[in-house]
2 protein chains.
Amino acid sequence: MDGAAQETAAGRRARRRPSMADVAAMAGVSSQTVSRVANNRTNVEEETRQRVLSAMRVLGYRPNTAARALVTGQFRTLGLISFGLGAFGNARTVDAITRAAQRAGYTVNMIAVESQTERAVHEAFDQLTMQAVDGIVLIEAQILDTPALRLPPGVPVVMADGDVSHRHPMVDTDQALGARLITRHLLDLGHETVWHVAGPEDSYAARRRAESWHATLKDAGAAVPQLLFGDWSAASGYHAGRVLARRPGVTAVFAANDQMALGVMRAMIQAGRRVPEDVSIAGFDDLDEAAYLSPPLTTVRQDFDVVAERIVSLMVDQIEGGTAPSATAFVAPELIVRESTAAPPSA
Amino acid sequence: MDGAAQETAAGRRARRRPSMADVAAMAGVSSQTVSRVANNRTNVEEETRQRVLSAMRVLGYRPNTAARALVTGQFRTLGLISFGLGAFGNARTVDAITRAAQRAGYTVNMIAVESQTERAVHEAFDQLTMQAVDGIVLIEAQILDTPALRLPPGVPVVMADGDVSHRHPMVDTDQALGARLITRHLLDLGHETVWHVAGPEDSYAARRRAESWHATLKDAGAAVPQLLFGDWSAASGYHAGRVLARRPGVTAVFAANDQMALGVMRAMIQAGRRVPEDVSIAGFDDLDEAAYLSPPLTTVRQDFDVVAERIVSLMVDQIEGGTAPSATAFVAPELIVRESTAAPPSA
DNA sequence: TCGCATGATGTTTACGCAAACATGACCTGT
DNA sequence: ACAGGTCATGTTTGCGTAAACATCATGCGA
C-alpha cells in the first residue's frame, strides 16, 4: 500500500473543520468565551467579541450541531412523517410546515412512509427519534391498522389530519364544515340531492367529508344517494364519473377533492352531459388549476398555512414550554363558487 | 416557589433517555460491548449479544445520533435545498429524492428558500451544514443572481436542475430532448409553426426548453414566432392564451408545463377556439390530471424517480467513496400523445 | 509442554460544546 | 478604606458514543 492511503493525525486535524478551540487559539481567548460569542451571550466585552468574530470569519468556523445537541439535548429539528408528496394536499401541508418551522428556527427532517400501517409509522418514528429530532409531526393521511396508535413516550407529537381520538394534539382543516358548505351550496341552487365521490375509505379526511355530506343531506330532508369511492386520483374520479353519467337524474356531484372532480367532469363531458347546464360538479382543495379548468371549478379552499402555523406552534410549545396541550384545532375552510355549479336543468 | 419546580440530579437522570451505560449495567457488560452489539459487529458471543439485546428492549434504548455523529463525523442525513413544493415538478422531485435517500439509509433535512438568490441559498447552505448533514442536494429551480455559485468546500453537493457550468455534479431531465419531441410532433402533424409559452426567464429548465423549441423550429425551416413568458402557473398560461387567441393563424401551442397548457386551453375555449380542431395544445410534465382534462393533454413525461436515484447515488458515492465525479447526467423524457393535438384545420 | 494466534471482552480516550463553578479586576456605598 | 457586589474571563466537567488499545482465556501446532 502506498503512503497516500495512510493518514497522519496532523493531516486529519488540518482537514477537519475548525472547532471552538481553533477559534479560541487564534483570538487568544478561552474556548468558553468563543462559546459565549457564538451563543450571543452578554458578559463579553465588545472588543473581545469582535476579535472572536473575526477569528471565526477567518477560519470559517461553524458550530457543530451534534456536539451542541449532545450537551443541550436540543436539536432544533422537527421530524415529519408523511405519506408522500404525490397528493396535492400532502405536498401543500408539508411545504407549509417546512416554512412555518423555519420561521420558528427549526429545520425539518422528513420521512415518507410507503404504507401507513402502524408498523411503518413505528419504524419511521424510531428512525426519527434516533435521528435527533425534538418533536414529530405525523400527517396521518390514512387510517392506521391499529385503533389506538401508541407511540413511544418522551417525544412531543402533533398530528395533522388524523383521528381525534389519539392522545396527541391534532390540527386539521374543518373537513365537516367544508363538505357542508359545498353540499348546502348545491342544494340551495335547487338540486334535489347531491351525489358524492368520496376519497379512499381508509382516509380520515375522506371519511369526515363523506359523513358531513351525508348529515347535511339528511338535515335538509334530501334523499341520500349511493356513495361512490375513489382514491383521490383523477383516474378514479373518471371511473366514478362514468358510472354517474350512465345514471339519469344525476344533476349535482360533489367530489372529495379537485382531482377527482376533474375526472368526473371529463367523464360527464365525454358522455355528452354539459357542465354546469346538465350537471353541476364541485371539488375540494382549490388547486391552483381549479380556476382554469373548463369550466372553472367550484370548490372549497383549505388554508394550509394556518394549519401549519398552528401545528408548529403547538410543537414548539411542547418542546420549549414543556406543556402538553391536548387540544384539537380545526381551521375553517372557505367556499369558492365558480362556474361548474348552477341550477339544475328543469327546476 | 414550590419544590416541584426544582429538579434533582437523580430526577433528571431518571427522566433522560437510557444510554449505553444503562444498558451495559443491566446486561452486566461494558458499554463497549453494547456499542458492538448496537453496530452489529462480530466478536460478540451469541449469548452475550442476546443478553444485551434484551436489556436494550427492556430499557427502550435508542442510540443517540448526536453522540454517534460527534465521534464518527457522519450523520446519515442529506440536506435538501428547494424552492418550495408548490410547483408540481419540485414536489415530485423532492418526494422521489426523499424515497431514494431512504432506500440508501439516509434521512432528508429539507429547507425551502423563499427566493433563490445567492444570499438565500448561502444562508440555507450554512444552516444545513451546521445542522449536521453529510451532503447537500440543491434544486436550482431558478437561475441565481450570481453567474458562478461558490459554495463553501468540504461538503459534497449535487445539483438537480440547474446550470451545467457549476462545478458540481448535476442530474436533470433532458429538457432539450423533451422540447424537441413536442415541437417535432406538432410540426409533423402539419402545423406551419409552433408557438411557445415559456416558463419564467430565470428558470434553467424553462430556458432549455425554449432554446430547444427555437432550435427545432429553425432546423425544420419553420418561422419562429414571438416567445411568450409565464411563471409556470395556470393563471399565467391563461393570460398568454388570451393573447394567442386574439391572433389569427395560431394553430399549435407548446406550453412549458402542463399547468400553463391548461391555462392556455381555457383561454382558447373561452374565445371559441376548439381544441384540437382549431388549435393544438401541448404541455410538459405529465401531471396525473393531464389525461383527464378536456381534451386529454399531449405532453412529455419526466422520470423523476430515475433522476432522484441518480442524484442520491452520486451523493452517496461522494460521501462514502470520497470520489468527486464531475459528471452531468441527463435522463430522457418520453412523449405522451393524447387528444389535445391534431392536424391543423385547413392543412 | 510451551509459545503464539485468535477471539471475547474491558478500559481509556477523544469528539466539540456549554453548564457549572472559579478567579480576578474593578466599582460602589458608607 | 474596605466589605460586598458586578462583570469579564478562565478552568473543569460531563454529555453518549466509537476508536484505539489493553487484557485475559482458550486453542492449536511444533
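First the proteins, then the strands, lettered A, B, ... as listed; each starts at 1. In what follows, every heavy atom counts, from backbone to side chain, and hydrogens, waters and symmetry copies are set aside.
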- Note on the structure: Minimal heavy-atom distance between A:N90 and A:G84, with the atoms involved, is ND2-O, 3.1 Å
- Nearest-nucleotide pick for B:N64, side chain only, options being D:dT17, D:dT9, C:dT11: D:dT17
- Over 12 foreign heavy atoms within 6.0 Å of CD, A:E46: yes
- Message: Check this one for me: any side-chain N or O of B:T33 less than 4.0 Å away from OP1 or OP2 of C:dA8?
- Response: no
- D:dA8 phosphate, OP1 or OP2, under 4.0 Å from A:N43 side-chain N/O: yes
- Using atom CZ of A:R68 as one end and atom C1' of C:dA18 as the other, report the distance to the nearest whole Å. 9 Å
- Between atom CG in A:N39 and atom P in C:dC17, what is the gap in whole Å? 10 Å
- Task: Answer yes or no: does a side-chain N or O of B:S31 lie under 4.0 Å from OP1 or OP2 of D:dG16?
- Result: no
- Checking D:dA19, C:dT9, D:dA8 against the side chain of A:E45 (C-beta onward), the nearest is D:dA8
- Message: Need to verify one output field. Residue with the more 5' nearest nucleotide on DNA chain C, B:R51 or A:A66?
- Response: B:R51
- Task: Using only side-chain N and O atoms of A:R41, determine if any of them is under 4.0 Å from OP1 or OP2 of C:dA19.
- Result: yes
- Query: Hey, is the side chain of A:T72 poking within less than 4.0 Å of OP1 or OP2 on C:dC17, counting only N and O atoms?
  - Reply: no
- Task: Specify the closest pair of heavy atoms between B:R49 and B:V37, including all atoms of both residues, with the distance to one decimal.
- Result: CA-CG2, 4.2 Å
- Query: When you measure from the side chain of A:Q32, which nucleotide among C:dC15, D:dT12, C:dC17 comes out closest?
  - Reply: D:dT12
- Task: Quick one: label A:V34 by what it contacts on the DNA or RNA (base, sugar-phosphate, nothing), any heavy atom closer than 4.0 Å.
- Result: nothing
- Check whether any side-chain N or O of B:T48 sits under 4.0 Å from OP1 or OP2 of C:dA8, and answer yes or no. no
- Message: At 4.0 Å (heavy atoms only), tell me whether A:S35 reaches a base, stays on the sugar-phosphate, or touches nothing.
- Response: base
- Counting only distance, no hydrogens or angles, is the base of C:dG16 paired donor-acceptor with the side chain of A:R17 under 3.5 Å? no
- Less than 4.5 Å apart, any side-chain heavy atom of A:Q102 and any of A:T107? no
